[in-house]
Amino acid sequence: MPAITLPDGSVRQFDAPVTGTTVAEAIGPGLARAALAMKLDGKLVDLATPIERDADVRFVTRKDPEALELIRHDAAHVLAEAVQDLYPGTQVTIGPAIENGFYYDFARNEPFTPEDFAPIEAKMREIIARGAKFEREEVDRQDAIRFFQEKGEKYKAEIIQDLPPTETISLYRQGDWVDLCRGPHMRTTADVGPAFKLMKVAGAYWRGDHRNAMLSRIYGTAWRDQKELDAYLHMLEEAERRDHRRIGKEMDLFHLQEEAAGAIFWHPKGWQLYLKAEAYMRRRLDSSGYKEVKTPQLLDRVFWEKSGHWENYREHMFIARIEDEDKTLAVKPMNCPCHVQIFRQGIRSYRELPLRLAEFGSCHRYEPSGALHGIMRVRAFTQDDAHIFCTEEQIAPETVRFVELLASIYRDFGFERFRVKFSDRPTPRAGDDATWDRAESALREACATAGVDYELNPGEGAFYGPKLEFVLRDAIGRDWQCGTLQVDFVMPERLDAEYVGEDGARHRPVMLHRAILGSFERFLGILIEQYAGRFPLWLAPVQAVVATIVSDADGYAEEVAAAFAAAGLAVETDLTNQKINAKVRTHSLAHVPVLAVVGRKEAETRTVALRRLGSQAQDVVPLEEAVARLALEATPPDLSRGREPA
RNA sequence: GCUGCUGUAGCUCAGUGGUAGAGCACUCCCUUGGUAAGGGAGAGGUCGUGAGUUCAAUCCUCACCAGCAGCACCA
């Protein structure tokens, strides 16, 4: 007879098997109304799940974090029923809850359009209002396959076929509609509530494989209540405002045009931003023991054949044919083989290791057209690339050193948080298992030493070695891999890199491929979104504008601007015959961090009225003090560290 | 690359089978005003490219290019 232990430690004894529903009712009518599902010994299950033995039970109500997932999963089922009701002949496939919502993939000859959303949503509301019970039923595998085949649901039948034999096959019924589903679900369709919205249609490959059929996916979002939904929709709008493509245009940072798809035209202001980031990185690498190099853009095809890239990535390389010489050159898609060439010049000693070769390496890759995205995913980009040639013993300490540098650099750019993914051996791969064991454990060990929390990304390593990926998130919640560290035993072998060890014999070095920003282009895109264009002073392309109130102050304004410029500030003057209100507005919208306003008063007293972006306060200070203060604040973080504020 | 959508002035966008419009920006004039839009005038587009249908195409059809969303890809 089950004894149910509740989260507060109290125990309820029952003299016959019960379900969550009866337990909730026994506790109280309020809980019985609020309970949507339960955690049975830590596992989220239906409220109607029978409990036959002693167990820990926690009820999940709308307030609990698990509720969102349930609401979204149930919403996906409701969506599927609505679609099958409105568009007979449509097959269902899968429909999970995802971050912020849910989707369902349908197989239908005719694709859905956003115009279909209104009728589908209306039908969904009907189904929700009907409040049919979700009823779980466990069935025999063969019966289930036959059942779905007879309904013409060949995708569902295929899913069951591929489920491991140990897996219980369960169906969920909501009224007349049935879906194959592992569950759990809430009590009835009414529990989904009113706070949902269909968001977009898109194609998606069956089982995520591009060789399979393209299904029609409908995305939706769902929340506990209207307030949450509104807040989410509002957040999306805000995110759109900080899209780097929009801000890039507004702030005149860069542009793209069709004759150079996937390549960026950096405008003067955008290039200032780029140069500041590059100068900063150069200092950080230099002071971390890296040696900067520069290698060729174009190399003979033979070279890429030797490195193995021609075989694997030929389709993604830009090729140049030289008719006169009957040669084929390829624009470099990466820098590592070139760095190996530098390593190979002369005879290397173990005393030189670790040798850290860095390059702001400009690379070209013919990315698939659908992958291009603003400046975040382009075909011409520059990596803050470096290769560390070292011994196996040095992998761990070098990794620790790298992670520390990376975290410090991300912090300087305003990113306190980032995710780390550990990608281990893929199939197919180069190198034997013993080598992989060594590489993976070295990396794991290094993560432990460096205090890095990572999530495992199984089978996603590079073909030559395991890797760490450092992921930053953009304004719209999309994740972008920026930093990376890859352990490589293969390339040194392939390109015959070696050093003379302490024992006088020749050895293969290990190569660590690593990048912190990844590509400048992508990183700057994320940076623009991170700050919504309101950069900290050290990065701002235009750091200050000197704006006059009356034209009598023009001469003094020029003097102020000259003083700012002499202190290394990027400054512009605004001597137009606009009112000061208009000038404030213009430069605020342009995200200029410092507005120095000068009128007759300031000219007479040799002061400036400083107004900071985002503040209405005016700070009238003597010119010399303003220069000193701003110059200090505009100092890049690495240069101002340890320095006392003036 | 795949599915769907989009492409009109520098930007944001409206619009029609009879070769086009707004706001902002831009130029000029008036205005010298103390912290988020002072007023007026003007200039600006072979409606993404190419073909087809039509008496007539920016509008309809097809192809291509580019972009957007998602999927796949990302050494």
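Numbered from 1 within each chain, the chains take letters A, B, ... in sequence-line order. This one's a predicted model, so the numbers in the text were calculated from it and none came from an experiment.
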Enquirer: For residues 419-429 of chain A, dump all side-chain donor-acceptor pairs below 3.5 Å to protein atoms at least two apart in sequence or in another chain.
Expert:
from	atom 1	to	atom 2	distance (Å)
A/R419	NH1	A/E455	OE1	3.1
A/R419	NH1	A/E455	OE2	2.9
A/R419	NH2	A/D479	OD2	2.5
A/S423	OG	A/N457	OD1	3.1
A/S423	OG	A/E469	OE2	3.1
A/D424	OD1	A/G459	N	2.6
A/R425	NE	A/E440	OE1	3.4
A/R425	NE	A/E440	OE2	2.9
A/R425	NH1	A/D437	OD1	3.4
A/R425	NH2	A/D437	OD1	2.7
A/R425	NH2	A/E440	OE1	2.9
A/R429	NH1	A/P426	O	2.8
A/R429	NH2	A/D433	OD1	3.1

Enquirer: When every nucleotide of nucleotides 32-44 of chain B is labelled 5' to 3' by its protein contacts under 4.0 Å (heavy atoms), B for base, S for sugar-phosphate only, - for none, what sequence of letters results?
Expert: BBBBBBS------
Enquirer: Quick one: which protein N/O atoms are closer than 3.5 Å to N/O atoms of nucleotides 6-14 of chain B? Pair and distance per line, please.
Expert:
from	atom 1	to	atom 2	distance (Å)
B/U12	OP1	A/K249	NZ	3.0

Enquirer: Taking Watson-Crick (N1-N3 plus N6-O4 or O6-N4) and G-U wobble (N1-O2, O6-N3), each under 3.5 Å, can you produce the dot-bracket string of RNA chain B? Use [ ] for crossing pairs and | for inter-strand ones.
Expert: (((((((..((((....[..)))).(((((.......))))).....(((((..]....))))))))))))....
Enquirer: Base, sugar-phosphate or nothing for A/Y464? Non-hydrogen atoms, less than 4.0 Å.
Expert: sugar-phosphate
Enquirer: Please collect all salt bridge (Lys or Arg N to Asp or Glu O under 4.0 Å) contacts where either partner lies in residues 302-318 of chain A, sequence neighbours excluded, each pair once.
Expert: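 For residues 302-318 of chain A, and leaving out neighbouring residues, the salt bridge (Lys or Arg N to Asp or Glu O under 4.0 Å) pairs sorted by first residue read A/R301-A/E305.
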Enquirer: Kindly write out the residues that satisfy salt bridge (charged side-chain N to carboxylate O under 4.0 Å, His left out) with A/E559, not counting sequence neighbours, or none if the list is empty.
Expert: A/R606
Enquirer: Go through the structure and list residues passing ring pair (Phe, Tyr, Trp, His ring centres under 6.0 Å) with A/F254, not counting sequence neighbours.
Expert: A/W266
Enquirer: With respect to the phosphate group of B/A69, does any side-chain polar atom (N or O) of A/R245 fall under 4.0 Å of OP1 or OP2?
Expert: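 For A/R245, the contact criterion (side-chain N or O under 4.0 Å from OP1 or OP2 of B/A69) is met.
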Enquirer: Which residues pass the side-chain hydrogen bond (donor to acceptor under 3.5 Å, both in side chains) test with A/S369, not counting sequence neighbours?
Expert: none
Enquirer: Applying salt bridge (Lys or Arg N to Asp or Glu O under 4.0 Å), which residue pairs with at least one partner in residues 101-112 of chain A are found, sequence neighbours left out?
Expert: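 Residue pairs passing salt bridge (Lys or Arg N to Asp or Glu O under 4.0 Å), neighbours aside: A/D105-A/R217.
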Enquirer: If the plane angle is over 60° it's perpendicular, under 30° parallel, otherwise tilted; pick one for A/Y104 and A/F106.
Expert: parallel
Enquirer: What is the distance, to the nearest angstrom, from the CZ atom on A/R514 to the P atom on B/A75?
Expert: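 Between P of B/A75 and CZ of A/R514: 16 Å.
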Enquirer: List, one per line, each side-chain donor-acceptor pair under 3.5 Å for residues 381-389 of chain A, sequence neighbours excluded.
Expert:
from	atom 1	to	atom 2	distance (Å)
A/T382	OG1	A/Y274	OH	3.4
A/Q383	OE1	A/N335	ND2	3.1
A/D384	OD1	A/L517	N	3.1
A/D384	OD1	A/G518	N	2.8
A/D384	OD2	A/I516	N	2.9
A/D384	OD2	A/L517	N	2.8
A/D385	OD2	A/N335	ND2	2.8
A/H387	ND1	A/H339	ND1	2.8
A/H387	NE2	A/H513	ND1	3.2

Enquirer: Below 4.0 angstrom from OP1 or OP2 of B/A69, is there any side-chain N or O of A/R217?
Expert: no
Enquirer: Run through A/R629, A/R612, A/R611 and flag the one making a side chain to side chain contact (heavy atoms under 4.5 Å, CB included) with A/D619.
Expert: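 Per the side chain to side chain contact (heavy atoms under 4.5 Å, CB included) rule, the option paired with A/D619 is A/R629, out of A/R629, A/R612, A/R611.
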Enquirer: Scan the side chains in residues 591-604 of chain A for donor-acceptor partners under 3.5 Å anywhere in the protein, sequence neighbours excluded, and list what turns up.
Expert:
from	atom 1	to	atom 2	distance (Å)
A/R600	NE	A/D552	OD2	2.9
A/R600	NH2	A/D552	OD2	3.0
A/E602	OE1	A/G599	N	2.8

Enquirer: Return the residues of residues 201-210 of chain A meeting this criterion: a heavy atom under 4.0 Å from some atom of RNA chain B. Order them by number, or give none.
Expert: A/A202, A/G203, A/A204, A/Y205, A/G208, A/H210
